Amino acid sequence: MEQSPEYVIEMLHITKEFPGIKANDDITLQLKKGEIHALLGENGAGKSTLMSVLFGMYQPEEGVIKKDGKVVTINNPNDATALHIGMVHQHFKLVDVFTVLDNIILGAEETKLGFIQKKNARKKVQELSDRYGLHVNLDAKIEDITVGMQQRVEILKMLYRDNEILIFDEPTAVLTPQEIEELMQIMKGLAKEGKSLLFISHKLNEIMEVSDRVTVLRKGKYIGTVETKDTTKEELSRMMVGRPVQLVVEKDEAKPTEPILEVEHFTVPSKIHKNNAVKDVSLTVRAGEIVCIAGIDGNGQTEFVYGLTGLERPSAGKVKLLGKDITHATIRERSLDGMSHIPEDRHKHGLVLDFTLEQNMVLQRYYEPKFQKGGFIKFGAVREYAEGLIEKFDVRSGQGPVTVARSMSGGNQQKAIIAREVDRDLPLIIAVQPTRGLDVGAIEFVHSQLVAARDAGKAILLVSLELEEVMSLSDRILVMYEGEIVGELDPKTTTVEELGLYMAGAKRNNGQEASAS
Amino acid sequence: MKGFLKKSGTTSVLATLISILIGLVAGSVLILIVGIFDNKIGLSGAWDGIRLVFIGLFNTGRDASGVMTFGFNPANFGNMLFRAIPLILTGLSVALAYKTGLFNIGAAGQYLAGIAATLFVALEIPTTVVPAWIVWTLALLAGILAGALWGAIPGLLKAYLNINEVLACIMTNWIAANIVTWLFDLSNLKNVTEGTKTAYIYKTSFNGVETAKLGLDKVFAGSQVNAGILIAILFAIGVYILMTRTTFGFELKACGSNRHAARYAGIRDKQSIVFSMGLAGALAGAAASLYYLSGNPEFFWSTYQSLPAAGFNGIAVALLGACNPIAVIFTGIFMSMLQVIGSQITFLTPFNEYITDVIIAVIVYLSAFSLVIRMWISGRGKKKPVKPAKADAKKEVKA
């Protein structure tokens, strides 16, 4: 059966070991022609390692790879390219200052006497983009186009190289809901044209919508392959995590008490345009409640949080934390006054990627007497503390506390940040897209941590783009549209549709928070 | 043995040693080629040159019949240690900045600022009034301070106006060169006693200010060595402790590695950048002070057309030492050994000292490839690529 030529790519009994860890343990993955095959697994389940094996970046200790039924050896990415295997990486591999067309042909340029000939290339790319609905301005520079557009460039790159097997590594992690919808359509179109797609993801909704079959990995082991139409989200998440997973957040009624964070007429100028990014926002977050700011990305949420946390200066308004005016306080002062911040961009703000995990764990606390004496860091205390957090929050990494943050999977990086921020035990937690890029098991964990913090009397300000998360986690919803709070909703009485209307700016009410002006 | 080879510390040391070896061989080949094509030198002359390249430190001159003799040469050793002083310190300057994410190409300017401050203090305060050791201390502090201030300027420009520190450093280098010339032009410190010399400043020994020898001149007879080398080593250890053990170093490194994350964590990113450059400048200033306070060097004050090489040699020293402060001690001494060999070659053979510049260039060039060499070492005898991770770290994975 394994010889069957209906499979374009077969990875049979792949085993790959790293010092101290079996990243892939006897894994089999068979990709049919023209199908969308999802590869599902938690962060660190071995998906990336398996793909690196397919791309020749690692050589497996055991197992074989077959293309169209014939055994092939892939020693480096060039071999993979020769076999028409292409991949869209999670973090795009594009040259920012080159145009779209230049990026597509980069490495596969047609030349005449050493001069690049772009005419044919342009024609071919244009044809491809028309055929698959991948519309993008070929002469725009990468740095000027959106992330969704950049992803299209990556897809065009694969198509331009006549790749037959297209691998998408968590392609939706960086996209807005609309862009995700478009990508799904593009993927279906590609499969219809006979391309074989391997879709790496841990978002169950997307897998259910777009894939034909699903292969599940857990902790480096092969769990099984199922037909998407015969399975359910619950079953998939059970296979992935190894236990039934709570897909809906379980929490009791909030019992809000005294106000922790009070924001009045808060205005933050935009760095992109001349208008204000945040306009006259007033809100209150009380102890023991989760207040969520919902909205489509780019409606001022980022700037609002930057202003609150001191990363940017507001132009007007006032912020009070526990009754103390912190509008002009430094970041360190805010931290000492009781604000912890799970940042939106974990690579830019959340972590020093070249530092070890333990150094990152004490990034805001290294100066506390617990971790230093007379200006000298107490390495023993730092190690002990980091090991405690790793244990408690199940942060997985190759070498424990001394793992370099850069080498960790995205999900575990996020877990490390959450561990650090929640463990500081401060009265206010500002969490910006805390579950971005996490698998269901980890999401469940983060949600339960936030609910537990709420029940312990913390005030939580959540900023989220995921409607499901907004609806299930928050006690109150404030919708932000073009820098303003356009409505306050109660998640128990509102519907996703109504929320969507507010988010799109089609509807607004002057809830008590927004009416302050 | 395999595990030993895989250790990242071992491989980087080995990579450096291989770079050095290739550099020395390249210098030898050059000597050989020049020797073969020059009838006056010939193969035997080339052989002398090559031997000097490798073991010139142990050369004791030529005997009566003109054959080179080898053995322990205290003067060579002492001079090597003496010349290492400014190299170690400017190397530290570049290494510290590099560890904090900055490229300090301005060590030359900071060095000049240090020279000016040191010489003014050391020569203008009469030792008849103030004890010499106090003048010496003040002169050293003045040099360090001047270097720090000069280094802080590109730091300020980078932190507050986001001007690339490399550009600012290059400009401040030349500004320093001109200001120093102008200051000494106005001063009355020009050496007028030795009539044939123009544009030189008095040695600090003119005012009786000299770094203590601590008996080192007895151990290494006939050399200029003094306690400055010990001070330089103490500085290196200090920088090592600062960068690896203290909260201050943690802040500087966090800032250098990811300024945004450091800011997010409440570290004052702008101040950290200024501090980094200031400290780097202080080290370059100390290099200048300790070199000129040794008493003997005379400063050629008309610097507006050229920058002191010491500043740029620091870059080579730091790169070769992978910017590790302790390694910089050794690479600094190694570079000064090459300088000593250079003068040996000039003195004893028809070749000139620039041979050693070629060697240094090759070594620095190769040290940029040290990653390749390291991969070659750790991947040797294995077809499978090795995961580039620190294999010496504790292998504990919580399953």
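Here is the naming used below: chain letters follow the sequence lines, and residue numbers restart at 1 for every chain. All of these numbers come straight from a predicted model, not from anything done at the bench.
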Q: What residue, out of A:Arg365, A:Arg334, A:His341, has the most heavy-atom pairs lying under 4.5 Å from chain B?
A: A:His341
Q: Of the listed residues (A:Thr330, A:Thr403, A:Leu353, A:Leu351), which shares the most heavy-atom pairs with chain B below a 4.5 Å separation?
A: A:Leu351
Q: Using a strict threshold of under 4.0 Å (side-chain N to carboxylate O), is an ion pair present between A:Asp423 and A:Lys392?
A: yes
Q: Which atoms of A:Arg406 are under 4.5 Å from chain B, going by heavy atoms: the side chain, the backbone, both sets, or neither?
A: neither
Q: Describe, in one word, how the ring planes of B:Tyr264 and A:His349 are oriented to each other, choosing from parallel (under 30°), tilted (30 to 60°) and perpendicular (over 60°).
A: tilted
Q: For A:Glu333, is it the side chain, the backbone, both, or neither that has a heavy atom closer than 4.5 Å to a heavy atom of chain B?
A: neither
Q: Check the side chains of B:Glu251 and A:Tyr366 for a donor-acceptor pair under 3.5 angstrom, ignoring hydrogens and angles.
A: yes
Q: Is it the side chain or the backbone of B:Leu242 that comes within 4.5 Å of chain A heavy atoms, both, or neither?
A: neither
Q: If we count only N and O atoms by modelled type, under 3.5 Å, do the side chains of A:Gln413 and A:His347 hold a donor and an acceptor together?
A: yes
Q: For a quick check under 3.5 Å, do B:Gln110 and B:Asn104 share a side-chain donor-acceptor pair by atom type?
A: yes
Q: Could you tell me whether the side chain of A:Glu421 reaches within less than 4.5 Å of the side chain of A:Gln364, counting heavy atoms only?
A: yes
Q: By a 4.5 Å heavy-atom criterion (distance strictly below it), what part of A:Phe371 contacts chain B: side chain, backbone, both, or neither?
A: neither
Q: Contact part of A:Leu311 toward chain B, heavy-atom cut-off under 4.5 Å: side chain, backbone, both or neither?
A: both
